[in-house]
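Numbers here simply count residues along the sequence, with the first being 1. All heavy atoms count here, side chains included; hydrogens, waters and symmetry mates do not.
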Amino acid sequence: MDPALPPGAPAASEAEPSASGPLAVGAVLLLTGFTLLWQAVSAAADNGVTLGGPTLAPLVVTGLWVVVAAWYLLEAVRKRVSAPDRLERGAWRTPVLLLVALIVYSVVLKYTVLGYVLATVAFVLVSARLLSTRPWREVIVRDLATAVGLSVGIYLLFTRLLGIVLPAGVLPL
């Protein structure tokens, strides 16, 4: 036991992991976002951007990606500056589980007949559960209403207004 450490403090071999992971993830997300945004802008310049056309959606999505990635990276930098060597134990679990949920969601969309609406409802519910700290019984109605509203709203927006085909699945929408 190191006499310089207060009682109960972890030894040097038990030190908490570094917080450089979120910085690397944020940088990769931002670089990927800028690359995709550049490709979307190039495609839009070649084909023209119309409100109901297929070139608008990639511009909006990649633009939002860049904004969210920049925000994430700035938050990671802020946390790194305020607590340079501290990262909560188990802090990696939620992002990894969200990544697994996203992969499962994409596989379900591609290879099943469930369709966009049902798959998205399930994905939003799983994501909300992973990100929530409140008991399930307190938020189930809110989460279910949000999941159904987002899924149906996005489906109708993309299929009816933008003319982009999303998998209908077993629901007659």
Partners passing side chain to side chain contact (heavy atoms under 4.5 Å, CB included) against Val60 (at least two apart in sequence or in another chain)
Leu56, Leu64
Using atom types as modelled, flag every donor-acceptor pair under 3.5 Å from a side chain in residues 29-45 to any protein atom, sequence neighbours excluded.
unit_1: Thr32; atom_1: OG1; unit_2: Val28; atom_2: O; d: 2.8
unit_1: Thr35; atom_1: OG1; unit_2: Leu31; atom_2: O; d: 2.9
unit_1: Ser42; atom_1: OG; unit_2: Trp38; atom_2: O; d: 2.9

Tracing side-chain links under 4.5 Å among I, L, V, M, F, W and Y, which residues wind up in one group with Val67?
none
Tell me whether Val108 is reachable from Leu97 by hopping between hydrophobic residues (I, L, V, M, F, W, Y) whose side-chain heavy atoms are closer than 4.5 Å.
no
Which residue pairs satisfy the side chain to side chain donor-acceptor pair (under 3.5 Å) criterion with at least one member in residues 57-76, sequence neighbours excluded?
Glu75-Arg78
Same cluster (ILVMFWY, side-chain, under 4.5 Å), Leu150 and Val148
yes
Path from Leu23 to Leu74 over hydrophobic side-chain contacts below 4.5 Å:
no
Are Leu102 and Leu166 linked, directly or through other ILVMFWY residues, by side chains that come within less than 4.5 angstrom of each other?
yes
Got a list of side-chain donor-acceptor pairs under 3.5 Å for residues 118-131, not counting sequence neighbours?
unit_1: Thr120; atom_1: OG1; unit_2: Tyr105; atom_2: OH; d: 2.6
unit_1: Thr120; atom_1: OG1; unit_2: Tyr116; atom_2: O; d: 2.7
unit_1: Ser127; atom_1: OG; unit_2: Phe123; atom_2: O; d: 2.9
unit_1: Arg129; atom_1: NH1; unit_2: Arg134; atom_2: O; d: 3.3
unit_1: Arg129; atom_1: NH2; unit_2: Arg134; atom_2: O; d: 2.7

Shared hydrophobic cluster for Val104 and Leu109 (ILVMFWY, side-chain gaps under 4.5 Å)
yes
Listed pairs under 3.5 Å, donor-acceptor, residues 153-163 side chains, sequence neighbours left out:
unit_1: Thr159; atom_1: OG1; unit_2: Tyr155; atom_2: O; d: 2.7

